[in-house]
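In the text below, chain A, chain B and the rest are named by the order of the sequence lines, each starting its count at 1. Worth saying up front: this structure is predicted, and the values here are computed from it rather than measured.
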Amino acid sequence: MLDLRDIRRDPDRVRDALRKRGYSFPLDELLKKDEEWRSLLSQAQELKQKRNEASKQVAVMKAKGEDPSEILSQVKEVSDKIKELEKQVSLLEGEIKKMLALIPNIPHESVPVGEGEEDNVEVRRWGEPRKFDFEPSPHWEIGERLGILDFERGTKLAESRFTVLKGFGAKLERALINFMLDLHTTEHGYIEIFPPFLVNSRAMFGTGQLPKFEEELYKCKDDDLYLIPTAEVPLTNLFMNEILPPGSLPIYVTAYSACFRREAGSYGKDIRGIIRQHQFNKVELVKFAEPEHSYEELEKMVNDAEDVLKRLGLPYRVVLLCTGDMGFTSAKTYDIEVWMPGQGKYREISSCSNCEDFQARRANIRYRPSPQEKPRYVHTLNGSGVAVGRTLAAILENYQQEDGSVVIPEALVPYMGGVRVIAPSKG
RNA sequence: GGUGAGGUGGCCGAGCAGGUCGAAGGCGCUCGCCUGCUAAGCGAGUAGAGGUAGCCCCUCUCGAGGGUUCGAAUCCCUCCCUCACCGCCA
């Protein structure tokens with residue numbers, strides 16, 4: 001959420017941001033409502049002042065034993081007028097808040113202007129895609145041959161885009177989660193959190209899933225609870241409605257969570273394999289930072305996510321998203337794309353964003369820079385560190401052998417109980 | 001799910017037969033004084049938000065929302081949450 005006062009002060013800045021994002025929004029309507037709101041508000045406040053003064057007078061007169069009935073009848077009218085005005089004020093306030101909640105964040109000046117994926121800018125590459133002396137298979141074929149991915153039973157139990165992991169597949173998924181959490185907590189300074197996978201609508205509003213993206217969420221029928229689409233939601237909202245004391249920033253937190261997305265509107269995409277599932281596992285990174293340092297923190301966070309892929313020996317590239325491809329809440333986003341030999345292209349495996357104070361304002365997360373200063377909004381950052389299912393798919397494709405087996409990356413061997421190769425087995 | 005108690009400022013905790021109460025007192029914190037250092041002591045300050053370019057100023061906020069009233073932390077209604085005991089349960 002943007003600050004209404006900033007919008008008022010410099011509406012062109014917002015117009016420019018909306019244009020760069022390819023967003024249409026009735027900004028003039030908002031400004032008009034704002035003006036009306038402020039006018040009515042100050043009218044109401046003036047009357048209240050009057051009423052408060054009169055009420056005090058009544059108290060004094062009563063104490064002296066005088067008769068205040070004359071004032072009483074006058075103030076009664078004022079009170080009624082206040083009620084009328086306040087009704088309008090709160091009505092307008094509601095409308096303004098609703099509109100405000102639908103304006104996306106303003107892109108940082110370093111973000112390239114563009115319309116879509118094709119305008120993103122590659123920042124760097126790491127690792128050399130392996131040369132195969134046979135035709136590399138896509139991960140779903142490898143996984144089915146090895147008996148570790150079971151798509152049919154996933155669909156039987158739930159619906160399409162659900163998959164059952166079996167044997168070493170299930171173990172590899174678990175190994176990856178533990179490997180990533182250990183890496184981030186012991187080497188990158190993150191505190192491990194195990195959050196709720198269901199959160200209420202206030203939390204969903206705080207991180208920007210609601211109200212605009214409700215159709216992406218699984219909602220519980222009888223409760224004000226939603227399945228989280230990412231651990232970013234519970235992690236970022238950890239400090240909702242709090243003022244962090246001086247010296248607490250930056251705060252780094254990480255969590256494993258299952259993520260649930262309805263994937264409405266992506267019917268045709270990635271039907272095969274485990275790239276796009278309704279339920280998937282992810283290790284998430286979230287940071288709370290002072291505004292002065294949030295962009296350094298973003299670079300460091302991207303490095304933390306890259307480190308996962310480096311240690312697994314998976315080639316990747318880092319891409320800076322353009323204005324038209326960025327998420328609603330983000331001011332600047334880097335995607336990390338891992339090389340998938342089976343598909344012959346790089347696929348997103350992590351997305352790291354600086355949301356600046358956009359989410360902090362929604363979730364009311366502040367910090368006090370020093371004991372005598374006023375609270376300020378923190379900057380929040382989030383990033384995948386990284387998507388577990390996609391990493392598993394990347395390992396299958398990058399480490400596949402001609403005989404159908406898959407070699408386990410060295411770093412994971414301890415997490416796999418010493419297993420170095422997953423070979424085809426019966427059952 | 002049942003019964004009972006309760007939700008006040010960073011924390012603890014008064015106020016709750018409606019009226020100069022955004023709120024005593026204590027702790028904590030900040031600044032100053034004092035003191036070889038530290039501790040103690042003394043003095044001052046110390047909630048958040050909005051209207052305003054901004055000060056003074058004004059308005060709002062005592063879990064949330066609504067109501068009664070000239071006036072609500074105090075009275076009434078609804079909801080939420082916390083704690084205790086019971087029931088159920090991984």
(request) Identify the two heavy atoms, one from A:M180 and one from A:G385, that lie closest to each other, and give their separation to 0.1 Å. (result) SD-O, 3.6 Å

(request) Could you give me the stems involving RNA chain B, meaning stretches of three or more consecutive Watson-Crick or G-U wobble pairs whose two defining distances are both below 3.5 Å? (result) B:1-7 with B:80-86, B:10-12 with B:25-27, B:28-33 with B:41-46, B:47-51 with B:57-61, B:63-67 with B:75-79

(message) Can you tell me how far apart CD1 (A:I7) and CD1 (A:I103) are? Round to the nearest 0.5 Å.
(response) 4.0 Å

(message) Taking A:G327's backbone N and O only, do any of them form a donor-acceptor pair with A:R21's side chain (distance below 3.5 Å, no angle check)?
(response) yes

(request) Provide the distance between the two C1' atoms, one in B:G26 and one in B:U8, to the nearest whole Å. (result) 15 Å

(request) Could you list the residues that satisfy ring-ring contact (aromatic ring centres under 6.0 Å, His included) with A:F213, not counting sequence neighbours? (result) A:F328

(message) Among residues 44-59 of chain A, which ones have heavy-atom contacts with RNA chain B below 4.0 Å?
(response) A:Q45, A:K48, A:Q49, A:R51, A:N52, A:S55, A:V58, A:A59

(message) By the ring pair (Phe, Tyr, Trp, His ring centres under 6.0 Å) test, which pairs, at least two apart or in different chains, include something from residues 230-249 of chain A?
(response) A:F239-A:F288

(message) Using a 4.0 Å cut-off to any heavy atom of chain A, which nucleotides of RNA chain B are the first and last in contact, reading 5' to 3'?
(response) B:G19 to B:G71

(message) Would you measure the distance from the P atom in B:A73 across to the matching atom in B:G63 and give it in whole Å?
(response) 10 Å

(request) With RNA chain B as reference, determine whether A:R9 or A:I71 sits nearer its 5' end, using the nearest nucleotide of each. (result) A:R9

(request) Rounded to whole angstrom, note down the C1' distance from B:A84 over to B:C11. (result) 23 Å

(request) Not counting sequence neighbours, list each pair that qualifies as a ring pair (Phe, Tyr, Trp, His ring centres under 6.0 Å) and has a residue in residues 18-68 of chain A. (result) none

(message) Considering every strand and a 4.0 Å limit on heavy-atom distances, what is the contact class for A:P245: base, sugar-phosphate, or nothing?
(response) nothing

(message) Test of understanding: with salt bridge (Lys or Arg N to Asp or Glu O under 4.0 Å), list the residues that count as partners of A:E337, not counting sequence neighbours.
(response) A:R317

(request) Check ring-ring contact (aromatic ring centres under 6.0 Å, His included) between A:F280 and all other residues, then give those that pass, not counting sequence neighbours. (result) none

(message) Work out how far the P atom of B:A47 is from that of B:A40, and round it to whole angstrom.
(response) 23 Å

(message) Between B:U35 and B:C42, how many Å separate the two C1' atoms, rounded to a whole number?
(response) 12 Å

(request) Apply ring-ring contact (aromatic ring centres under 6.0 Å, His included) to A:H139 and list each qualifying residue two or more places apart in sequence or on a separate chain. (result) none

(message) List the residues meeting ring-ring contact (aromatic ring centres under 6.0 Å, His included) with A:Y377, not counting sequence neighbours, and say none if there are none.
(response) none

(message) Work out how far the C1' atom of B:C55 is from that of B:C62, and round it to whole angstrom.
(response) 28 Å

Taking distance alone, no hydrogens or angles, what donor-acceptor pairs closer than 3.5 Å link side-chain atoms of residues 242-261 of chain A to residues at least two apart or in another chain?
unit_1	atom_1	unit_2	atom_2	d
A:S248	OG	A:P245	O	2.2
A:Y252	OH	A:E297	OE1	2.6
A:Y252	OH	A:E297	OE2	3.3
A:Y252	OH	A:K300	NZ	3.1
A:T254	OG1	A:E284	O	2.9
A:Y256	OH	A:N281	OD1	2.7
A:R261	NE	A:P229	O	2.9
A:R261	NH2	A:P229	O	3.0

(request) Report the residue (A:R202 or A:K374) whose heavy-atom-nearest nucleotide on RNA chain B is the more 5′ of the two. (result) A:K374

(request) Report which part of the nucleic acid A:L72 touches: base, sugar-phosphate, or nothing (heavy-atom distance under 4.0 Å, all strands). (result) base

(message) So, using salt bridge (Lys or Arg N to Asp or Glu O under 4.0 Å) as the criterion, who are the partners of A:D224 when residues are at least two apart?
(response) none

(request) Using the P atom on both, measure B:C60 against B:U74 and round to a whole Å. (result) 15 Å

(request) For B:G32 versus B:G25, give the span between their P atoms, rounded off to a whole number of Å. (result) 24 Å

